[in-house]
Amino acid sequence: MKILDILKQEFMENTIGGYLWFVICILAALALKRVIANILINLSIKLLSRHLSSINPEHFKKKLVKPLSFLFLVSSIYLAVQYIDFPASWELADSKHFGIRKVIVVLYGLMFGMSLTWILIRLADCIGIILEKNYRPQDEKSTALQVIPFATDFIKIVIGVVAGLIILSTLFGINVGTLVAGLGIGGLAVALAAKDTFENLLGSFVIYLDKPFEIGDYIRINEIYCTVEKIGLRSTRLRTLEKSLLTMPNKMLVESMIDNYTLRPFRRVDRIIALSRDTMHEQMITIIAGLKKAIGEHPLTTDEIYINFHEITSFSLEIRIQYYVMTAEWEIYLKAVGEINLIILKIIEDNGSSLANVQGFLAFRNKATD
């Protein structure tokens with residue numbers, strides 16, 4: 001009974017028990033917020049296990065643990081505050097008028113609204129992950145797969161804007177209709193200030209509709225060779241040959257000349273081989289015939305093979321070799337060209353000839369860019 005009597009005692013017009021429950025609620029929230037968040041996420045994963053079989057649950061935990069923990073903490077603070085109140089002797093204004101109560105109510109409303117918005121944005125990310133994983137096994141170049149990251153970013157922006165308007169209307173009593181109408185007056189100034197942002201946004205729509213490239217394509221932009229990793233609302237992420245990550249504004253992309261190497265069915269090879277001036281007429285004919293036969297028999301070359309006695313110079317006799325390798329993969333292309341180069345050298349050696357060896361002259365050079 002003594003303990004109950006102590007808890008019923010009042011201090012600053014609140015009972016000791018009320019203060020105790022307030023402290024317990026706050027400490028429990030701080031200690032259990034991540035545990036509760038993980039439990040909720042695990043239950044959700046089990047309920048949606050049919051759609052999440054190919055997805056690592058850690059992806060969802062990484063996205064949702066922090067916002068759910070924050071929401072649990074904010075809710076616990078609201079529950080804890082119910083046990084205590086400001087003393088009436090302080091004569092504080094009620095929550096409808098400006099004062100400490102009003103500030104606390106607004107701050108709490110902001111925290112609660114921000115936590116819900118945070119969760120909705122992270123849920124949009126999770127839905128995007130689910131959709132990407134479900135489409136990826138079917139078709140890496142699916143149109144739906146390409147639009148998922150774009151749509152996810154757009155939805156997150158819509159969630160943020162709508163949540164912001166609701167918070168302004170609910171907490172600050174601002175008439176959203178009047179606010180939107182007022183934007184028409186200052187619309188020109190806003191448009192000028194956000195000119196680059198709007199241009200990049202339009203650029204993302206142009207990329208999606210025109211499709212000069214897709215995620216995973218190997219392209220060349222302004223002499224930069226790179227692979228497309230992500231097409232966003234404002235910019236596109238590109239992985240260069242040096243493995244660095246290049247972020248390029250969409251406006252700049254749509255204004256650039258883009259060469260999509262992934263879309264070409266073959267890779268062209270154009271070579272000049274300079275033979276020694278000692279090469280005889282019959283040797284030249286035999287070498288050319290042997291090269292046509294050997295290159296044509298390679299499993300990755302097409303039927304378009306052009307080999308000619310190209311030019312007679314003061315230093316050498318030049319043969320021009322042109323053919324196509326049936327691959328878009330860089331590694332496979334290099335391997336095939338290397339194999340054919342070895343064949344070329346062997347045929348030249350077997351026919352008693354050799355490459356020209358003159359100072360300042362390249363005996364084996366590219367005629368055109370691969």
Note to self: Could you walk me through whether Ile305 and Gln322 satisfy the side-chain contact (heavy atoms from CB on, under 4.5 Å) test, starting with their C-alpha distance in whole Å, then the side-chain angles of each, then the deciding distance to 0.1 Å, before giving a yes or no?
What the structure shows: CA-CA 6 Å; Ile305 301 172; Gln322 301 176 72; over 6 Å; no

Next item on the list: Please indicate whether Arg237 has more than 12 foreign heavy atoms, meaning atoms of other residues, nucleotides or ligands, lying under 6.0 Å from its CZ.
Entry: no

Taking [X] for its side chain and [Y] for its backbone only, find out whether a donor-acceptor pair lies under 3.5 Å.
| X | Y | value |
| --- | --- | --- |
| Arg277 | Thr313 | yes |
| Ser69 | Val65 | yes |
| Asn260 | Pro212 | yes |
| Gln283 | Gly352 | yes |
| Arg122 | Lys63 | yes |

Checklist line | Steps toward side-chain contact (heavy atoms from CB on, under 4.5 Å) verdict (Arg271, Val337) | finding: CA-CA 11 Å; Arg271 296 281 188 263; Val337 171; 3.5 Å; yes

Just so I know, are the side chains of [X] and [Y] near enough to count as touching, which here means a heavy-atom distance under 4.5 Å?
| X | Y | value |
| --- | --- | --- |
| Ile307 | Arg320 | no |
| Ile219 | Cys226 | yes |
| Leu263 | Phe213 | no |
| Ile319 | His310 | no |

List the atom of [X], the atom of [Y], and the distance in Å for their closest heavy-atom pair.
| X | Y | answer |
| --- | --- | --- |
| Thr279 | Leu317 | O-CD1, 3.6 Å |
| Ile26 | Ile77 | CD1-CG1, 3.8 Å |
| Tyr306 | Glu304 | OH-OE1, 3.6 Å |
| Gly216 | Thr227 | O-CG2, 3.7 Å |
| Gly160 | Thr117 | CA-CG2, 4.5 Å |
| Tyr324 | Arg268 | CE2-CB, 3.6 Å |

Following the transitive rule for hydrophobic clusters with a side-chain heavy-atom cut-off under 4.5 Å over Ile, Leu, Val, Met, Phe, Trp and Tyr, establish whether [X] and [Y] coincide in one cluster.
| X | Y | result |
| --- | --- | --- |
| Val269 | Ile343 | yes |
| Ile41 | Trp118 | yes |
| Ile157 | Leu165 | yes |
| Leu334 | Ile321 | yes |
| Val206 | Ile215 | yes |

Interatomic spacing from [atom1] in [X] to [atom2] in [Y] - rounded to 0.5 Å:
| X | Y | atom1 | atom2 | result |
| --- | --- | --- | --- | --- |
| Glu255 | Asn222 | CD | CG | 10.5 Å |
| Ser256 | Ile221 | OG | CD1 | 6.5 Å |
| Tyr261 | Arg267 | OH | CZ | 7.5 Å |
| Phe72 | Leu30 | CZ | CG | 9.5 Å |
| Thr152 | Ile127 | OG1 | CD1 | 8.5 Å |
| Met248 | Leu238 | CE | CG | 6.0 Å |

Next item on the list: Report yes or no: do Asn250 and Thr236 form a side-chain donor-acceptor pair below 3.5 Å?
Entry: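 The criterion, which ignores hydrogens and geometry beyond distance, is satisfied for Thr236 and Asn250.
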
Check: In the hydrophobic cluster built from side-chain contacts under 4.5 Å, what are the other members alongside Leu43?
Finding: Val35, Ile39

Name the atoms and distances for all side-chain donor-acceptor pairs under 3.5 Å in residues 107-114, with sequence neighbours left out.
none

Can you give each donor-acceptor pair under 3.5 Å made by side-chain atoms of residues 289-300, sequence neighbours left out, with the distance rounded to 0.1 Å?
{"from": "Lys293", "atom 1": "NZ", "to": "Glu297", "atom 2": "OE2", "distance (Å)": "2.7"}
{"from": "His298", "atom 1": "ND1", "to": "Leu300", "atom 2": "N", "distance (Å)": "3.1"}
{"from": "His298", "atom 1": "NE2", "to": "Glu339", "atom 2": "OE1", "distance (Å)": "2.7"}

Notebook entry, point to check: Should Tyr218 and Leu241 be marked as a side-chain contact (heavy atoms from CB on, under 4.5 Å) after you check the CA-CA gap, both sets of side-chain angles, and the distance that decides it?
Noted result: CA-CA 10 Å; Tyr218 178 66; Leu241 293 178; 3.8 Å; yes

Checklist line | Sole residue of Ile119, Leu40, Ile36 in side-chain contact (heavy atoms from CB on, under 4.5 Å) with Leu71 | finding: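 Among Ile119, Leu40, Ile36, the one that satisfies the side-chain contact (heavy atoms from CB on, under 4.5 Å) with Leu71 is Ile119.
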
Next item on the list: Show your reasoning for whether side-chain contact (heavy atoms from CB on, under 4.5 Å) applies to Glu214 and Thr262.
Entry: CA-CA 10 Å; Glu214 297 178 334; Thr262 301; over 6 Å; no

